[in-house]
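Values below: all heavy atoms of this structure, side chains included; hydrogens, waters and symmetry mates excluded.
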Amino acid sequence: MIALPILLAGCGAAAPAGTVAPAGYDFPALSGRVVDAAGLLREGDRAAIAGRLAMLEQATGHQFVVVSVTGLGGHTIEDYGVTLGRTWKIGRKDINDGVMLIVAPRERKVRIEVGHGLEKALRDEEARAIIDSAILPAFRAGDYPRGIRAGVDGVIREIGSSERLAA
């Protein structure tokens, strides 16, 4: 696998400051394209998913981060996701084309948070369909890695070039 530069705000030595969680929120550190704070994925799964997300970004410029959290701190997943996306600054600033797949296993919640610049490519009903048909069946079977991979594949089908990003 070819190592690609991470262009996400908050990642790497040149990362800008200002990625501290607002009061009342406990966010994991943005350490790469896959932030598995809840420990749902094996190293091989994390690497494979990160590779797919890097290919997406290289092909389209869209930034996509998968994050599992240990808890939502009493917030709704919608509020948590919006605030996390703004804090981490996912997506290109002038285009707002970031996507996050957020998994909160303790609260049994999952969300696909889409930046405004991608809302035509990945509408709310499409994100809901990915969650309902691809992610949740695997989660219900206790297979978080399969559900996360299926969610990533579903989002990439909607926002990326499937020919260039085929697994």
Side-chain angles (χ1 to χ4, degrees), residues 1 6 8-12 15 19-57 62-91 97-115 118-119 121-160 165 167:
M1 180 184 313
I6 295 177
L8 299 170
C11 291
T19 57
V20 175
Y25 290 88
D26 184 21
F27 296 149
L30 177 58
S31 55
R33 291 179 176 89
V34 179
V35 178
D36 186 21
L40 303 176
L41 301 168
R42 295 175 298 277
E43 181 55 40
D45 292 319
R46 282 191 295 275
I49 292 167
R52 300 248 316 132
L53 301 180
M55 286 192 305
L56 172 72
E57 186 171 344
H62 307 318
Q63 294 177 343
F64 182 5
V65 175
V66 172
V67 58
S68 72
V69 297
T70 57
L72 298 172
H75 301 280
T76 66
I77 195 164
E78 295 83 5
D79 181 56
Y80 189 94
V82 167
T83 306
L84 180 63
R86 288 181 181 152
T87 300
W88 280 0
K89 298 175 178 42
I90 304 300
D97 61 343
V99 177
M100 290 186 304
L101 171 58
I102 305 164
V103 181
R106 191 177 78 203
E107 288 94 343
R108 301 174 56 94
K109 300 289 182 184
V110 62
R111 179 166 177 83
I112 297 171
E113 191 66 51
V114 181
L118 281 177
E119 286 180 338
L122 181 58
R123 297 183 323 268
D124 288 344
E125 54 271 8
E126 292 165 331
R128 182 84 253 159
I130 291 168
I131 290 169
D132 290 343
S133 66
I135 298 173
L136 290 181
F139 284 9
R140 288 182 185 121
D143 192 345
Y144 283 100
R146 181 170 55 93
I148 291 169
R149 286 190 311 269
V152 167
D153 291 346
V155 170
I156 288 174
R157 271 192 303 277
E158 296 297 329
I159 69 170
L165 298 171

Inset, instruction - To the nearest 0.5 Å, tell me how far L101 CG sits from I148 CD1. - result: 6.5 Å

Legend entry - R33 side, atom CZ; I90 side, atom CD1 - distance, nearest 0.5 Å: 10.0 Å

Tell me which donor-acceptor pairs under 3.5 Å the side chains of residues 133-142 have, and how far apart each pair is, sequence neighbours excluded?
| residue | atom | partner | partner atom | Å |
| --- | --- | --- | --- | --- |
| S133 | OG | A129 | O | 2.6 |

Inset, instruction - Name all pairs fulfilling the salt bridge (Lys or Arg N to Asp or Glu O under 4.0 Å) condition that reach into residues 67-84, sequence neighbours left out, sorted by first residue then second. - result: none

Inset, instruction - Please name the pair of heavy atoms, one in T83 and one in P22, separated by the smallest distance, quoted to 0.1 Å. - result: CG2-CG, 3.6 Å

Inset, instruction - Kindly state each residue pair satisfying salt bridge (Lys or Arg N to Asp or Glu O under 4.0 Å) with at least one member in residues 124-137, sequence neighbours excluded. - result: R123-E125, R123-E126, R128-D132

Inset, instruction - Kindly indicate whether the side chain of Y80, heavy atoms from C-beta on, has any atom under 4.5 Å from the side chain of V69. - result: yes

Legend entry - Heavy-atom pair of closest approach, residues R106 and G71: NH2-CA, 3.8 Å

Legend entry - With E113 via side-chain hydrogen bond (donor to acceptor under 3.5 Å, both in side chains) - residues at least two apart: R111

Inset, instruction - Look up atom CD1 in I102 and atom CD1 in I77, then write down how far apart they are to the nearest 0.5 Å. - result: 5.5 Å

Inset, instruction - Verify the neighbour count for atom CG of D143: are there more than 12 heavy atoms of other residues, nucleotides or ligands below 6.0 Å? - result: yes

Inset, instruction - Please identify each residue that fulfils salt bridge (charged side-chain N to carboxylate O under 4.0 Å, His left out) with D36, with sequence neighbours left out. - result: R46

Inset, instruction - Kindly indicate whether the side chain of V99, heavy atoms from C-beta on, has any atom under 4.5 Å from the side chain of H62. - result: no

Inset, instruction - Mind checking the CD1-CG spacing from I130 to D153? Nearest 0.5 Å is all I need. - result: 10.0 Å

Legend entry - Exercise: identify the closest heavy-atom pair between S68 and G39: OG-N, 4.0 Å

Legend entry - side-chain hydrogen bond (donor to acceptor under 3.5 Å, both in side chains) partners for E107, two or more places apart: none

Legend entry - Nearest-0.5 Å distance, CG of residue D45 to CG of residue L40: 10.5 Å

Inset, instruction - Would you give the length of the straight line joining atom CZ of F64 to atom CD1 of I159, rounded to the nearest 0.5 angstrom? - result: 6.5 Å

Inset, instruction - Compare every heavy atom of L41 with every heavy atom of V34, then report the nearest pair and how far apart it is. - result: CG1-CD1, 3.8 Å

